[in-house]
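Data first, discussion second: the structure below is written as structure tokens.
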Amino acid sequence: MYREIIINSTKNETRIAILEDGQFVELMTERATNQRMVGNIYKGVVSAVKPGIQAAFVDIGLKKSGFLSATEIGNLYRDPDDKGGSPQQHPPPKTGNQRIPIQKALRKGQNVLVQVLKEPIGAKGARLTADLSLAGRFVVLMPGSNHIAISRKISDRGERRRLKNLAKRMKPDNVGLIIRTVSKKISSEDLESDIASLLELWNSIKKKMNKYKKVPVRLHKEMSVTSGVIRDLFGEKIDSLVVDSKEDYRQILNYVKSVSPLLVNRIHLYREKVAIFDAFEIEKEIRKILERKAWLKSGGYIVIDHTEALIAIDVNTGRYTGKKNLEQTIFKTNMEATREIARQLRLRDIGGIIVVDFIDMNSRENRESVLSEFKNALKRDRSKTKVHEVSRLGLVEMTRQRTRPSIRHTYYDACPTCQGTGQILSKESLSIQIERWVKRAGISSRERRIRILANPTIARFILDENEQQLNELQSNYQIEIHIDSDASLGLDEFQVYSLTTNEEITEEFFA
């Protein structure tokens, strides 16, 4: 498989696309006004401890306090000036397989060192952990742990043994190490250099923790999205990296020369006049991923709907009618849909609980084949996924790791009129609502001259389509009614004013 990384960089936004055999499969976006936070380390202060949910809320300087679960306080660093602790580590004691209750490990007002696991999404604050980790090119360093792990993707037993022996020899006390996949066949010098660099970073963070007395404060900022992608993704499995910024090109080139010089010839500066995302036909694909419906090559399609609790994905045959029989048509559509759904999850960066409604199949063998193909398609996903067996209702339930807001949250704001529901009152419904308002006024109020303001579309509808009802209201309730347009009002809003006093008449008027 031919893999490419395409980087489009401007002053206000950086976009990174990943292509597999020319197909657009992943998009990462970072803006100057909304930089990513995952990996950032903060000296925060506990704002609340909630024994009922075994969690604490930690103020790290954002609008909402971060959420720290009891399961994430394994390696807790307390502030040296905190009365209940010292600069050293204080791992909570365990009772059997259970950790100490969070109310005994933390208290309100306590200063703690935490790292962002998941960015704030919607009304939810950031998800935090006290189990800190610092990622390098070849190694992940875990302060406060003595564990050594080797990436599962390194399958050769001899190589795993070699790397583990190297890690044991180089590992300082009170620090754990995870050897990353890219470390396969790495020299001991490169591994030692990476570990030394991470230890230097960790010592710098500890010094800042002791230095800064005012909390909350950020002690460490994770790499930019571009640097992170080069560090984590750009390796032997990437055939080409193309970037349109000279500055980024020089920085990437210098970094790769120092860590993986054999990969330098795969880095290219894009110099053409046509925008880089247009040249690689990515721009038009980005517009498609913001749509609710995604078409399959056969003519079928999938529909992706976002709800408060989960993502629902529905598969339909659409224009595809098949050639043999209904079961074969459905099977082919479902098989094609498995690959497209896996791609769309990556493209849109959809996380959380996902329910997929494949088209019902009578053949058990076909159902098992579809599920197997779906699991296989998800193996390319860098985020952790877990797929459950087909439910009694024929639904496939799965979860996908979520660390940041989806593309939908990045590119869209909720509609101020419909609040994201996609629906507003119809013209008829709002017209009837206004009619009810006038009737209530006719019964409960002495006001007999009113002015109703509505969106031009609604005002025109009332005057053109409901003129007879309007005349009847004026006659039956002896009220003079003027309908006027106000473009600032939404399609499901209206306001009423007294023509006598020019004051607005609100719902409290009838209370």
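The structure displayed is predicted, hence computed values, not measured ones.
Under the 4.0 Å criterion applied to side-chain N and carboxylate O atoms, Asp190 and Arg137 are not assigned as salt-bridge partners. In this structure, Glu159 pairs ionically with Arg162, as a charged nitrogen and a carboxylate oxygen lie closer than 4.0 Å. Note on Lys185 versus Glu236: no salt bridge recorded, every NZ/NE/NH1/NH2 to OD/OE distance being 4.0 Å or above. Look at Arg382 and Glu26 and you find a salt bridge, because one of the NZ, NE, NH1 or NH2 atoms lies within 4.0 Å of a carboxylate O, short of that distance. For the pair Arg36 and Glu119, the salt-bridge criterion is not met [side-chain N within less than 4.0 Å of a carboxylate O].
With no hydrogens or angles considered, no side-chain donor-acceptor pair links Thr226 and Ser224 at under 3.5 Å. Side-chain atoms of Glu373 and Thr338 form no donor-acceptor pair, as typed in the model, at a separation below 3.5 Å. Thr129 and Glu72 form a side-chain donor-acceptor contact under 3.5 Å, judged by distance and modelled atom types alone. With no hydrogens or angles considered, no side-chain donor-acceptor pair links Asn12 and Thr10 at under 3.5 Å.
Rounded to the nearest 0.5 angstrom, Ile276 CD1 and Asp244 CG are separated by 4.5 Å. For the atom pair CD1 (Ile238) and CZ (Arg266), the distance works out to 9.0 Å, reported to the nearest 0.5 Å.
Between Leu345 and Ile311, every side-chain heavy-atom pair lies at or beyond the 4.5 Å cut-off.
The nearest pair of heavy atoms linking Trp295 to Gly300 is CE3-O, 3.4 Å. For Asn146 against Lys171, the heavy-atom pair with the smallest separation is OD1-NZ, 3.0 Å. Counting all heavy atoms, side chain and backbone alike, Ser383 lies closest to Arg400 at OG-NH2, 3.5 Å.
For the side-chain contact (heavy atoms from CB on, under 4.5 Å) test with Lys375, the passing option among Val396, Val370, Val387 is Val387; the others fail.
Dense packing is recorded around CZ of Arg31, with more than 12 heavy atoms of other residues, nucleotides or ligands lying under 6.0 Å away.
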